[in-house]
2 protein chains.
Amino acid sequence: MTRKRHATATDVARLAGVSQSAVSRAFTPGASIAEETRARVAEAARQLGYRPNAIARSLTTRRSRIIGVAASYLQNHFYPDVLEALSRGLQARGYQMLLFMPDAGRHADPQLQEVLAWRVDALILASTTLSSALADQCQAAGIPVLLFNRTSRAPSVSSVTGENLRGGRLIAEFLVASGHRRLGFLAGIENSSTSRDRESGFCGWLQENGHPPPLREVGLYQFEEAAAAARRLLARPDRPDAIFCGNDHMATAVAEVARHEFGLRIPRDLSLVGFDDTGPARWPSFSLTSFSQPVQPMVDATVALVCEMIEDPATPTRHEVVRGELVVRGSARMPPEGCVSLAEQLVWRPVRNDITG
Amino acid sequence: MTRKRHATATDVARLAGVSQSAVSRAFTPGASIAEETRARVAEAARQLGYRPNAIARSLTTRRSRIIGVAASYLQNHFYPDVLEALSRGLQARGYQMLLFMPDAGRHADPQLQEVLAWRVDALILASTTLSSALADQCQAAGIPVLLFNRTSRAPSVSSVTGENLRGGRLIAEFLVASGHRRLGFLAGIENSSTSRDRESGFCGWLQENGHPPPLREVGLYQFEEAAAAARRLLARPDRPDAIFCGNDHMATAVAEVARHEFGLRIPRDLSLVGFDDTGPARWPSFSLTSFSQPVQPMVDATVALVCEMIEDPATPTRHEVVRGELVVRGSARMPPEGCVSLAEQLVWRPVRNDITG
DNA sequence: CTGAAAGCGCTTACAG
DNA sequence: CTGAAAGCGCTTACAG
């Protein structure tokens with residue numbers, strides 16, 4: 001049994017009694033073709049089960065209408081949600097998604113070469129970065145690159161992120177306002193921009209307001225690593241009474257360890273705050289207070305920006321920051337004031353004397 | 001700023017002082033080319049940042065080395081895990097993954113047309129099916145189709161699944177052995193083969209052994225739907241004291257509702273059993289007893305089978321069923337006997353007089 | 001509105 | 001081992 005050949009435009013042309021160019025036009029929206037011709041072609045195509053070959057089309061148009069997407073950390077619920085929204089958004093704009101999954105904590109470089117061979121129209125890297133060599137290569141080849149939930153040290157790569165810095169600051173203020181003084185911070189991947197920004201927001205606010213730096217552990221944005229870090233943190237004689245976890249995924253790990261291994265009650269014995277506001281963190285069992293990174297707005301911004309970059313290669317580098325809220329639930333002691341209802345949620349909006357905050 | 005052109009084989013040939021064919025050979029493993037020529041080409045390619053264009057290659061070879069992958073229900077942790085394993089497996093065999101996400105509970109048909117335009121070498125559909133019209137179209141075009149965690153009513157489409165039927169039967173036996181008599185079943189998508197098979201295994205065993213059928217609700221494999229179903233089930237005067245949930249994802253929803261809305265203790269007031277053995281279900285808070293669908297073996301079988309189908313179009317239809325175990329944890333009352341340790345886990349291996357079971 | 005023809009960037013017999 | 005040439009299946013000026 002040999003592999004069957006797909007019908008080609010030439011086959012259809014022969015059957016419809018028109019030229020091959022006419023067949024092509026019949027499948028090109030806006031092409032100049034008589035309605036009757038189009039109908040004849042459509043009928044012939046139907047009979048033969050013809051569909052234009054996207055590979056051949058891409059070769060001639062030099063636009064693949066494929067976008068390379070990198071994603072890692074899919075155990076963190078945030079990313080499956082992002083992937084679904086991204087798939088929908090790109091599909092709606094007529095793009096396909098070539099997905100690859102770099103190893104967690106590493107550059108996307110190795111697999112990227114394979115993806116670039118496909119002459120993707122753009123690259124979206126979620127929770128990964130690329131080496132600056134690769135960034136240069138993409139730049140030289142004119143391939144737009146967009147980082148999602150990361151920024152690059154090379155400032156010329158555009159990005160879409162949440163409010164990592166403001167979130168970190170607000171969480172510090174929130175925990176202090178709740179009366180906590182023995183704070184802990186659980187870092188994600190240490191050289192990821194999100195972890196660094198959240199930490200520097202958190203520690204920055206503490207320092208500026210005369211508080212000592214938090215105890216610190218590293219959870220690498222992974223469940224098991226975070227659980228191990230929690231064990232170290234909670235076993236200390238001076239264990240923290242509040243922990244800011246670099247994301248919700250790690251916060252759930254910490255909650256599990258705190259309750260089931262240390263017998264702690266949350267938030268009575270330990271306050272927990274996360275980042276992302278997704279997935280299990282919202283379930284009653286965790287009811288996590290968390291700074292939100294709203295998936296749909298972030299993905300909308302990503303899709304819009306990436307399309308703009310494709311359409312106009314001269315689009316300047318942009319770093320879009322999508323607004324979030326400190327969503328207040330039950331995992332952290334509440335401050336005496338500042339919690340307001342917003343869209344059926346409780347969020348924290350501290351009243352301040354100063355303008356900046 | 002106009003879009004830069006990628007260097008082509010012809011550019012490289014010119015620089016290296018060889019023919020364009022030589023350049024092609026230099027990038028074709030196993031092609032007959034002098035080592036010195038290859039080196040000259042490699043150097044020229046490096047200078048120009050040349051990478052063979054996969055689109056052009058696919059057009060001539062008529063093999064895209066792209067596999068179309070459909071996945072839905074990414075909120076269910078099982079699928080992100082599957083996606084990661086699949087990505088790794090396909091990558092290792094030199095395939096790229098064109099991902100699309102059909103709407104939950106629907107056929108993959110609409111987006112499939114777009115994917116087929118890319119002349120994918122095969123199609124893997126996870127948690128979806130395709131219409132029989134589409135199945136025929138793929139068959140006619142010689143495109144291998146593989147269903148993952150589903151079977152098709154059209155028996156000619158190959159599949160890889162877990163032991164849905166045996167799992168359902170075993171869970172019935174397990175719950176009855178634990179002394180439960182008021183059973184409930186929470187269905188997933190009713191016309192999905194997994195849900196039907198699990199249910200018929202469960203109900204089949206009950207019937208064969210003289211037990212009444214379980215109370216029944218539908219959760220559509222979605223968290224919120226499952227929570228709503230749990231509310232209906234648990235509000236009944238004759239509420240079940242054990243529920244077999246069509247998968248772990250729904251089981252966690254039921255656990256949340258049972259505990260936080262009905263104040264039930266698990267397993268004292270209610271036993272819960274799931275299916276999949278993944279994700280949050282394993283966390284101490286849920287500690288779900290669940291029939292496993294081991295991701296890696298299932299994905300290994302999928303990758304092996306799909307490659308075989310690509311290599312040899314005459315590969316006959318196959319329905320691979322990957323062995324699972326009833327993993328015993330704390331969410332369901334334990335039967336007096338039959339639990340054995342296996343690979344650091346407790347699994348249920350009932351002792352039987354009869355041979356079949 | 002339509003067709004003939006060039007060209008997209010490769011691979012692969014074929015002849016040497 | 002190497003090069004010239006055909007061909008993969010389209011799109012798109014160009015001329016009519």
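Letters go in sequence order (proteins before strands), and every chain restarts at 1. Note that the structure is a prediction, hence the values are computed from the model and not measured.
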Taking D:dT2, D:dG9, C:dT2 as options, the one with an atom nearest any side-chain atom of A:I33 is C:dT2
Distance-only polar pair, side chains of B:T151 and B:S193, donor-acceptor under 3.5 Å: yes
Distance check needed: D:dC10 P versus A:F27 CZ, whole Å only. 9 Å
Rounded to the nearest Å, what distance is computed from the CZ atom of residue A:R14 to the P atom of nucleotide C:dG3? 15 Å
Aromatic contact, A:Y50 with A:F27 (centres under 6.0 Å): yes
Does the distance from a Lys or Arg side-chain N to an Asp or Glu carboxylate O, for A:R40 and A:E43, drop under 4.0 Å? no
Does a side-chain N or O from A:T60 land closer than 4.0 Å to OP1 or OP2 of C:dC8, or not? no
Applying a 4.0 Å non-hydrogen cut-off, can you work out what B:S21 is touching in the nucleic acid: base, sugar-phosphate, or nothing? base
Name the closest nucleotide to the B:S24 side chain, picking from D:dG3, C:dT12, C:dG3. C:dT12
Any side-chain N or O of A:R57 below 4.0 angstrom from OP1/OP2 of D:dT11? yes
hbond_proxy B:R119 side chain to D:dG9 base (donor-acceptor, 3.5 Å cutoff): no
Quiz item: A:R25 side-chain donor-acceptor pair to C:dG3 base, under 3.5 Å: yes
Which is true for B:S32 with a 4.0 Å heavy-atom rule: it touches a base, it touches only sugar-phosphate, or it touches nothing? base
Let me know the distance between CZ of A:R65 and C1' of D:dT11, rounded to the nearest Å. 15 Å
What is the distance, rounded to the nearest whole Å, between atom CZ of B:R40 and atom P of D:dC1? 15 Å
Does B:D300 come within less than 4.0 Å of B:R88, counting only side-chain N to carboxylate O? no
Atom CD1 of A:I55 and atom P of D:dT11 are separated, to the nearest Å, by 13 Å
Among B:V295, B:L86, B:N149, find the one that has a side-chain contact (heavy atoms from CB on, under 4.5 Å) with B:Y79. B:N149
Nearest-nucleotide comparison on DNA chain D, the residue closer to the 5′ end among B:Q20 and B:L59: B:Q20
Rounded to whole Å, the CZ-P distance (A:R51 to D:dG9) equals 17 Å
Quick one: look up who C:dA15 pairs with, Watson-Crick or G-U, both distances under 3.5 Å, and put none if it's unpaired. D:dT2
In this structure, how many angstroms lie between the C1' atom of D:dT2 and the CD atom of B:E36, rounded? 13 Å
Counting any heavy atom closer than 4.0 Å, what does A:Y50 reach on the DNA or RNA strands: base, sugar-phosphate only, or nothing? sugar-phosphate
Are any of A:R62's side-chain N or O atoms less than 4.0 Å away from OP1 or OP2 of D:dT11? no
Roughly, in whole Å, what's the span from CZ in A:R63 to P in C:dG7? 23 Å
For DNA chain D, whose closest nucleotide is more 5', that of A:T8 or that of B:T37? B:T37
Quick one about B:Q296 and B:D81 (side-chain donor to acceptor, distance below 3.5 Å, no hydrogens or angles considered), yes or no? no
